[in-house]
Structures are given as structure tokens and as C-alpha cells.
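Note on naming: letters A, B, ... go to the chains in the order of the sequence lines (proteins, then strands), and numbering restarts at 1 for each one. Source: prediction; values computed, not measured.
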Amino acid sequence: MDDSISSTSLKVSLFSLRHTFESAQPLTFHADYDQFSNTITYPSGRNVINMGHYGSEKDGEVRIVSRDISSAASDVSRRFRLGDDMKAVYKGIGTDQFMKDAITRYSGMRLTLNDPWETTLVFIISQFNNVKRIRLITKNIIARFGPEIMDGSGKSIMRGFPGSADLIGASEKDFRKCGAGFRAKYLKDLADYCTNNIDLNRLNPKNYDKLKETLMSINGVGEKVADCIILMGYGNLAAFPIDVWVKRTIEKAYFNGKRKRMKEIMDFVSQKWDRRYLGYAQQYIFWGGRQASRNEVK
DNA sequence: ACCCAGGCGGGCG
DNA sequence: CGCCCGCATGGG
């Protein structure tokens, strides 16, 4: 194997690394982002990938630096969904003023496609929690259990995301030490379940109903977390996870602040936006709403 | 001090 | 079913 570092670049339009990174998706809970150079560093298998975004969000380019550059390039393209036709996405969901504003403000924000196991673990941590702490707990688990990644000379450069096998020896108490709190039991059960009973990488991403049913058989995975995993771990855009922010934002933007039930919201969104891109609609609602509330008077 | 955070499982009516 | 409650932990 060639251990030398090399680089390549790709043209990409309607992509923003900054908005994608900042919008709280699984990758962003363990990758390192440098906002000044606009570059991201993250582990991929036994490699470390460094990726920078240059030029405008409409017409820019990403530069990738890594060992095994060809697999790194396809990893970047896949993880950041660079093949998505964002023009079509924006056309399909940009049908009202609120969404148009969110698209304008966060233009180029992509969904990311992540490993199903990693996504499941991260979103179990996410429940009844806040973004900052989700990041912290995830990083603690990586620091404690993640396999070391070596450079060409055998020097450790960073830790990868631990697989279920890496967590076999981990106890509930270990997860508590990572800050997981009451979710520690869920994580322990997840590691056991995924080692003995189920291979998340073998589930069919296309069959939404079946996939959801299977995921919800995991202790600690309910309706919302399952939808997050389907969207960001399996890349199925039919999923529209409804969390407190999404619910609140939709009620405010489309129902004059009136409280609605989950089912009413689900019915509403599936007739409002192009169903092929529902997942994207959710991401823009989520981030648009959350950022708007952040900018309000405090 | 009090409130909230990308909810879920369990229990009750 | 639908609804309600408790849940670890840390930051505003």
C-alpha cells in the first residue's frame, strides 16, 4: 500500500462546508473543523481525511488531502452528498417564504451520509440532550474506546470511531463516565445487540417502513431517533424527524404559533414539500428555526 | 435557584 | 391506543 500523502480537488456547486458542518449532523460530532481555514479533518477507516472548501457556495471547489487519495475522494463525495442535485432539491422544497429564506441563508447546506452504527450511537446520545453535550459525550467515547489511527511511520495521529466490537468490554458505568447519564444503559444494550443480533450495515436503506421497524427494536431508539438514523445513516430522504425545534418552528411558521400534534405535522409536511426531498426540508427547518431562535432577544 | 436540551420507556386510564 | 412522568448532566 502507498502510504504517501497526496491531494486532489473536485468542482462542486451549491455546497457550503461551513453550514454543513455547523448544522449539527453526526459527522460534526466527532470531526474537527477549522473555521479560519474552512477545512475539516475526520477519520475514515484507517485513514485520516483533510478536506477544505474554497470559492463561493454557488461555484466552489473542495480540496482533499489524504493517503489513498482515490478512496478519500469517493468518501468525501459520499459523506457530503456531493452528487445531490441541489437545484432540484431547492425547487422541490422552496415553495414558501419561510423555506426560501432558510435556503437563502444556509445555501449549500447538505445533509451528510454517515455510518449507520455511528449514527445510531450518536442519536441515542442526542435524546433529551443539547448539541454541545452530544459533541462532548461522543468525543469522550472516542477518546476512551476509539481505535488509534497511525500515519506511515506508525505514529498515532487520531482515534477513529469505535465499532461495536470496540465497546464489548465497556460497562454501563464506563459510558456514564463519558457523561452519557441515563443513556448509558442504552449504549451498553446497543453494543451487545449489534454484536450479537443485528448488523446495521446489512439493512436495506430503501425500505423505509421495514427499516424503521427494525431500528425501533433497539432499546433507546424511538420514532424520532429512528428517523434521524434513516435520514443521516442510511440516506433515505423520505424520513422527516420531528424534534422539539422542528415542531416548534413549523407551528410558528405555518400554524400561527398554534400547537399541533405530531401526526398533523407529519401530514402537513408530506403534502407541502416534494416527498423525494423531505429530509432536506427537515434539515433546513431544523437549522433555520434553531438559529432564528438563537438570534432572538435573550 | 430554575429552565431547558435533535426523546424514550414504562405505566396508567 | 393516547397521555404523562421521570430521567443524568451541564450550561444559560
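Near DNA chain C, meaning a heavy atom under 4.0 Å away, there are no residues from residues 222-240 of chain A.
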What's touching nucleotides 2-4 of chain C from the protein side, N or O pairs under 3.5 Å?
residue: C/dC3; atom: OP1; partner: A/Arg261; partner atom: NH2; Å: 3.0

Atom pairs under 3.5 Å: protein N/O with N/O of nucleotides 5-7 of chain C:
none

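OP1 or OP2 of B/dA5 lies within a sub-4.0 Å distance of a side-chain N or O belonging to A/Arg248.
Atom CD1 in A/Ile137 sits roughly 16 Å away from atom P in B/dA5 (whole-Å rounding). Protein atom CE of A/Met262 is 9 Å distant from nucleotide atom P of B/dG7, rounded to whole Å. When the C1' atom of B/dC8 is taken as reference, atom CD1 of A/Ile242 falls 16 Å away, rounded to whole Å. Atoms CD (A/Gln127) and C1' (B/dC4) sit 15 Å apart, rounded to a whole Å. In this structure, A/Lys263 atom NZ and C/dC1 atom C1' are separated by 14 Å, rounded to whole Å. Between the P atom of B/dC8 and the CD1 atom of A/Ile124 lies a distance of 10 Å, rounded to the nearest Å. Rounding to whole angstrom units, CD1 of residue A/Ile141 and C1' of C/dA8 are separated by 14 Å. Whole-Å rounding puts the A/Asn219 CG to B/dG10 P distance at 7 Å.
Residue contacts for A/Arg176: at a heavy-atom cut-off of 4.0 Å it reaches the sugar-phosphate backbone alone, with no base atom in range. In this structure, A/Thr249 reaches neither bases nor backbone, as no heavy-atom distance under 4.0 Å exists between it and the strands shown.
A salt bridge links A/Asp274 with A/Arg276: the closest approach of a Lys/Arg side-chain nitrogen to an acidic carboxylate oxygen falls below 4.0 angstrom. Using a cut-off of 4.0 Å between Lys/Arg side-chain N and Asp/Glu carboxylate O, A/Asp227 and A/Lys212 are scored as salt-bridged.
Within the structure, every pair that satisfies the salt bridge (Lys or Arg N to Asp or Glu O under 4.0 Å) test and touches residues 17-46 of chain A, not counting sequence neighbours, is listed here: A/Arg18-A/Glu22, A/Asp32-A/Lys139. Every pair passing salt bridge (Lys or Arg N to Asp or Glu O under 4.0 Å) that includes a residue from residues 190-209 of chain A is listed here, sequence neighbours excluded: A/Lys188-A/Asp192.
Using modelled atom types, no side-chain atom of A/Arg79 and backbone atom of A/Asn114 make a donor-acceptor pair closer than 3.5 Å. Side chain of A/Ser56 to main chain of A/Asp59: a donor-acceptor pair is present (N/O by atom type, distance under 3.5 Å, no hydrogens or angles).
Taking the P atom of each, B/dG10 and C/dA8 are spaced 14 Å apart, rounded to whole Å.
Where pairing requires Watson-Crick or G-U contacts shorter than 3.5 Å, the helical stems of DNA chain B with at least three consecutive pairs are B:2-5 with C:9-12, B:7-13 with C:1-7.
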Practice problem: Please report the C-alpha distance between A/Ile157 and A/Met150 in whole Å, then the side-chain angles of each, then the deciding distance to 0.1 Å, and finally whether the side chain to side chain contact (heavy atoms under 4.5 Å, CB included) criterion is met. | Solution: CA-CA 6 Å; A/Ile157 28 181; A/Met150 318 290 187; 5.9 Å; no
Practice problem: Apply side chain to side chain donor-acceptor pair (under 3.5 Å) to A/Tyr33 and A/Asn38, showing your working. | Solution: CA-CA 7 Å; A/Tyr33 176 68; A/Asn38 202 28; 2.5 Å; yes
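At most 12 non-hydrogen atoms from other residues, nucleotides or ligands lie less than 6.0 angstrom from NZ of A/Lys252. Counting non-hydrogen atoms of neighbouring residues, nucleotides and ligands closer than 6.0 angstrom, the CZ atom of A/Arg135 exceeds 12 such neighbours.
Both tests hold for A/Arg63 against A/Tyr54: distance to the six-membered ring centre under 6.0 Å, angle to the ring axis within 45°.
In this structure, A/Tyr280 and A/Tyr284 have tilted ring planes: the angle between them lies in the 30° to 60° band.
Here the options are A/Pro43, A/Ser44, A/Ser71, the test is side-chain contact (heavy atoms from CB on, under 4.5 Å), and the partner is A/Ile49; only A/Ser44 passes.
Inter-residue side-chain proximity for A/Asp96 and A/Trp273 is flagged as met; some heavy-atom pair is nearer than 4.5 Å.
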